[in-house]
Amino acid sequence: MLTYVRAQPRNYHMPVIVCHGRNSFFIFFVDTNNDWPDLWTAKQKEEFKSKNPWLGYKNQKLACLVCSSVNSLGIIKEQGVSLSREWMNFEIQVSVQGSRETSLSALRNKVRKHALSKAHTQAVKMAEQQKENRPFSDHESLIELQELNGIKMGSILHSRYSATQIIKHVAMRCRAKSLVLAELENQRADGIVEGLLTCLTNAGVTEEWLLENWVAFVTDGASVMLGKKSGVATRLTLRFPKLFVWHCMNHRLELAVSDAVDEVNSVNHFKAFMHKLHSLYSISNKNERELKEAAAEVGSQLLHIGRVLDVCWVASSFRTVHAVWTSLGALQMHRGEKYGEALEAKESGVYRSIALKRNTKLKPINPGQFLQSLVNNLEQRMSFEDETIKDLSILDQSKWPSNPSIRHGEEQVKRQCKRFNLCSDQALNGMRDLLEEPNSEPNGLKPLINCMKTFPVSTAECERNFSLMNNISTDKRAVLLVSNISNLMMMNINGPPTSKFDPRKYTRTWLKSHRAASSVCSRQCSVTTPAESKSVWNILQYRGRQAVYRLKNLH
């Protein structure tokens, strides 16, 4: 239970937070006198807080408590979306220009704009996820809390071990014969193949069934996965000849950009400059503080300057360049003195008694050259020479001749039906129907089209699951077994929302092999308070009563 007691009058504003425990409570005094902006009255402060519970204030400046607690959007960050450092670090202040009404209106607009921003929305979602993924050791405390709220929680099944077993039971019933998270013995190609096939076999998927029904294998471009001689894909196609191997489109894009950067050497000098900027402001707290002050002085929005990385990190490179571009005014002001020295050294040809020489290797980036290189590499990386892709493109009507014959595409359809174990006669009849009526959807082609739809374009879904695994296996849950992580991922990915979850069927199956929480046949759970803490509890309880009594008299 959480209780707030406010003292009056307005200039004596001291909330008292009373946290009740078992037969005792903690009392925290927070002196917030004049912490909110002078522009607000107490009523306006309550209005702002009630409409925006995430709002925090300190030293007459505002911040977003949610963004501050999240600190970084991490892997869920989207292009062009970043948390505001000002809102995270209590740096939002009231403008002193204009009338009080104008300043209030400007402050309301700031608060409303932040509340509706995409970065804040993502931070709220991330904070909710962090609250959900709690360690199993919290189970006992949550049981105790529910008992204090008057709910009968039984006498057993209160331990973290019980929580683990209940999650396992529900996940197993939800999973049926779906796949699980597999732990690899090694990260070599042979170990990955054996781990994958063992996982499939344990799920009831036999090798004979895979020979007839396994359609595609999609992966990134790592050598261990796509190595021509002994990569995972090569080993799998030797055992499953009909398997279609596909290189993730997202990774192809990253490689095309990386190839363009390698071809245009001047980009590497720009990348080195970005790395220097990152080091300058990430290692030195003094430089970071001075940059914030410069940004506030010129009214510039300050974004975090990260690193320009290599393959798989094109988005982070864009964010870094965008951050430098947005913060250019603050950067120029902060380094203004050094910039002036550099200009003088350039004119004189001497810097601190050292003669300067022109570096012929440093050349400006040629935009036309870079864009042309990017186009060439995209065409090369995105070209599809695989026979399967060419055969399936026969269904793309934009590539048909102006007057296709009734037998157009027969060979391609036959090859694909043979590859996917489909009825070729049915598919050929469907192809002829499509040629006669291009706007129709022939039933004969549906099996082939459905098979084609199973081809994943990228591995984005796998990456999302890896992100979920990182959210579950945090520093507070670092000792989770792989099986427990798998069960929790199963519930997060495929489980229904809390409002739709019906526990009765899982309870019935649980009771067939386990005892109920109200069973008296097991050792009863009990919560004991350490002897050395009892005297402290008694003192806090006595002092708390005195404080509440005094505040009531003030009120």
Side-chain angles (χ1 to χ4, degrees), residues 75-76 124-184 195-196 198-205 461-527:
I75 49 177
I76 70 170
V124 170
K125 291 181 179 178
M126 196 168 187
E128 290 175 352
Q129 289 179 352
Q130 290 175 350
K131 291 178 181 178
E132 292 173 355
N133 295 307
R134 301 300 305 163
F136 286 138
S137 56
D138 284 1
H139 185 63
E140 297 178 20
S141 300
L142 292 173
I143 292 288
E144 185 181 359
L145 175 63
Q146 296 302 324
E147 289 178 339
L148 290 171
N149 289 333
I151 299 175
K152 296 181 179 179
M153 301 299 295
S155 54
I156 62 172
L157 304 180
H158 294 182
S159 66
R160 61 186 180 89
Y161 174 79
S162 298
T164 306
Q165 294 302 308
I166 292 171
I167 289 290
K168 178 182 178 181
H169 177 82
V170 176
M172 293 298 290
R173 295 300 177 275
C174 291
R175 180 179 288 116
K177 289 189 177 182
S178 61
L179 304 184
V180 296
L181 187 66
E183 185 174 13
L184 299 175
L196 174 60
T198 300
C199 179
L200 291 169
T201 302
N202 293 338
V205 182
E461 191 65 31
C462 295
E463 298 297 336
R464 292 191 190 99
N465 292 337
F466 283 130
S467 301
L468 173 62
M469 182 173 66
N470 291 334
N471 289 337
I472 290 174
S473 184
T474 61
D475 54 347
K476 293 183 179 180
R477 314 174 82 181
V479 295
L480 279 175
L481 298 176
V482 173
S483 58
N484 291 336
I485 297 175
S486 176
N487 292 332
L488 290 169
M489 289 180 64
M490 174 67 201
M491 297 299 297
N492 274 272
I493 297 170
N494 300 317
T498 306
S499 58
K500 302 289 185 181
F501 180 70
D502 182 8
R504 289 174 292 186
K505 60 180 180 180
Y506 304 108
T507 304
R508 285 193 291 267
T509 55
W510 171 270
L511 292 175
K512 290 179 180 179
S513 55
H514 301 83
R515 291 175 178 173
S518 57
S519 173
V520 296
C521 299
S522 301
R523 183 170 58 86
Q524 308 300 298
C525 296
S526 60
V527 179

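- Taking the six-membered ring where the residue is Trp, Y506 and F501 present parallel rings, their angle staying beneath 30° rather than reaching 60°.
- Here the NZ atom belonging to K505 is positioned 9.0 Å from the CZ atom belonging to R508, to the nearest 0.5 angstrom.
- Between H169 atom NE2 and H514 atom NE2 the span is 7.0 Å, to the nearest 0.5 Å.
- Within the model, atoms CD1 of I167 and CE of M491 stand 6.0 Å from one another, a figure rounded to the nearest 0.5 Å.
- Distance check: T507 OG1 to L511 CG gives 6.5 Å after rounding to the nearest 0.5 Å.
- Using a distance-only test at 3.5 Å, with no hydrogens or angles considered, no donor-acceptor pair links the side chain of N484 to the main chain of L480.
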(request) Verify side-chain hydrogen bond (donor to acceptor under 3.5 Å, both in side chains) between S483 and S486, making sure each step is shown before the conclusion. (result) CA-CA 5 Å; S483 58; S486 176; over 6 Å; no
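- A heavy-atom distance below 4.5 Å is found between the side chains of E147 and H158.
- Taking CG of L145 as the start and CD of E140 as the end, the distance is 14.0 Å to the nearest 0.5 Å.
- Between S159 and S162, the side chains place a donor N or O and an acceptor N or O closer than 3.5 Å (distance only, hydrogens not considered).
- Distance check, rounded to the nearest 0.5 Å: CD1 of I151 to CE of M153 gives 6.5 Å.
- In this structure, the side chains of W510 and L157 come closer than 4.5 Å at one or more pairs of heavy atoms.
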